[in-house]
> 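Just dropping this structure here.
Chain A is the first sequence line, chain B the second, and so forth, proteins listed ahead of strands; every chain is numbered from 1. Atoms considered below: every heavy atom in the structure, side chains included; atoms not considered: hydrogens, waters and symmetry mates.
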Number of protein chains: 2
Amino acid sequence: MARAGLTTERLIRAGAELADEVGFEHVTISALARRFGVKVASLYSHLKSSQDLKTGIALLALEELADRVADALAGRAGKDALAAFAAAYRDYAREHPGRYAAARFRLDPETAAASAGVRHAQMTRAILRGYDIAEPDQTHAVRMLGGVFHGYVDLELSGGFSHTPVDPDESWSWIVDSLDTLLRNRTTP
Amino acid sequence: MARAGLTTERLIRAGAELADEVGFEHVTISALARRFGVKVASLYSHLKSSQDLKTGIALLALEELADRVADALAGRAGKDALAAFAAAYRDYAREHPGRYAAARFRLDPETAAASAGVRHAQMTRAILRGYDIAEPDQTHAVRMLGGVFHGYVDLELSGGFSHTPVDPDESWSWIVDSLDTLLRNRTTP
DNA sequence: GTAATTGCCTAATCCTTTTAGGCAAATCGT
DNA sequence: ACGATTTGCCTAAAAGGATTAGGCAATTAC
């Protein structure tokens, strides 16, 4: 009997693709097995559980997203960095809705601490370096940025904007613009 | 054999409670049947499907949330209204995390159009009446507010803020403050 | 009080998850 | 190259959730 050549790596990668196709909530060990033409039980040599698979996809997505953001941020500062950060975030979500949803999968604390989520936090703070905002305002600002970007993308992805004939791209620019102004005025001298 | 007295109404209400206890994603027809001490199949006289149950809970949550927001908004304007709106939103999410998640459940377009989601949109726009913002900026602002509030609450609920020792309440006030300033300066004369 | 309806039940099917145990293929030591 | 070990995928099976069909008792309607 020929072997399929499964590895945890490949399974998680395929799981991520599956997530983009059918939605993260529909990613299932069974569907994955079907996709590889093997029996369900075979996957348990590579994955501890369904939870394990989801966690793997989440970590992959966080990694990818952090890489993109890092690229986008390289060599930029101030509003330029803010806009690039925002774009990286939103583009990733639109290109990979399933992975994006996965990135929001709740990880247990230890896993989260070892994940690329940490880099995300650092990079968000890095943006604020261009705005001279001291603590605790800086934390407030980090939370606000995280909130707007995630919230906007989430609403857009779930179709919340489809009932108003205003280009979401324009809203996005307007928001980035507004946030820039806001942060510049919140400077703590 | 004594009857349990199930109705669609009661099932959905119990489903909402269950959601708050175990999380919306763990609400299941089986769990609900267990809670009422009846057999699973019995619920199918009142619910078309699992999807139907989730939709019902979502509609209930949207309704409740809209009612709360409407109450909060009554007689207020400007920053006062903004803060009340924000508080109603966040408080509901913290008191009823399962229902809040349900409110974000993706409904098919017709159902959504007939839901309290419409009132939410109207009320968000109502807040902006205190700020003299014309279209299309008004839509941009609506989207931004929806994004921040939802995004912040979502991040807070999923534990995203637990790694920084800054009171989320303070961040929240700071954000509301900032948004107020922002909207006042975005006035279209 | 009989007839029609309705509510909950049993039974059965299908899908997903997960564990246990088996056999063949790949890999390793010599 | 060859036997031994490890490893990968398999079959089997149990358990839980969703869903449908068909039955009988309790309620409601006349």
> Is R34(B) near enough to dG17(D) that one of its side-chain N or O atoms lies under 4.0 angstrom from OP1 or OP2?
yes

> Under a 4.0 Å heavy-atom cut-off, which of residues 35-61 of chain B touch DNA chain C?
V38(B), K39(B), A41(B), S42(B), S45(B), H46(B)

> Assess whether ring-ring contact (aromatic ring centres under 6.0 Å, His included) is satisfied between F161(B) and W172(B), documenting all intermediate values.
CA-CA 12 Å; F161(B) 296 161; W172(B) 188 253; 9.6 Å; no

> As a quick check of understanding, evaluate ring-ring contact (aromatic ring centres under 6.0 Å, His included) for F149(A) and F85(A), giving each step before the final call.
CA-CA 9 Å; F149(A) 294 149; F85(A) 178 92; 5.6 Å; yes

> Decide whether a cation-pi geometry holds between R143(A) and Y152(B); the criteria are a distance under 6.0 Å from NZ or CZ to the six-membered ring centre and an angle within 45° of the ring axis.
no

> Who passes side-chain hydrogen bond (donor to acceptor under 3.5 Å, both in side chains) against R129(B), sequence neighbours left out?
none

> Please list residues of residues 8-32 of chain A whose heavy atoms come under 4.0 Å from any atom in DNA chain C, ordered by number; otherwise none.
T28(A), I29(A), S30(A)

> How would you list all residue pairs meeting side-chain hydrogen bond (donor to acceptor under 3.5 Å, both in side chains) that involve residues 101-113 of chain A, not counting sequence neighbours?
R104(A)-H150(A), R104(A)-S158(B), D108(A)-T111(A)

> Show the numbers, then the answer: is there a side-chain contact (heavy atoms from CB on, under 4.5 Å) between L82(A) and L145(A)?
CA-CA 9 Å; L82(A) 184 68; L145(A) 291 181; 4.1 Å; yes

> Could you note down all residue pairs passing side-chain hydrogen bond (donor to acceptor under 3.5 Å, both in side chains) where residues 73-85 of chain B supplies at least one of them, sequence neighbours left out?
K79(B)-D177(B)

> Applying side-chain hydrogen bond (donor to acceptor under 3.5 Å, both in side chains) as the test, list every pair that has at least one member in residues 44-71 of chain B; sequence neighbours left out.
E63(B)-R119(B), E64(B)-Y92(B), E64(B)-R99(B), D67(B)-R119(B), R68(B)-E95(B)

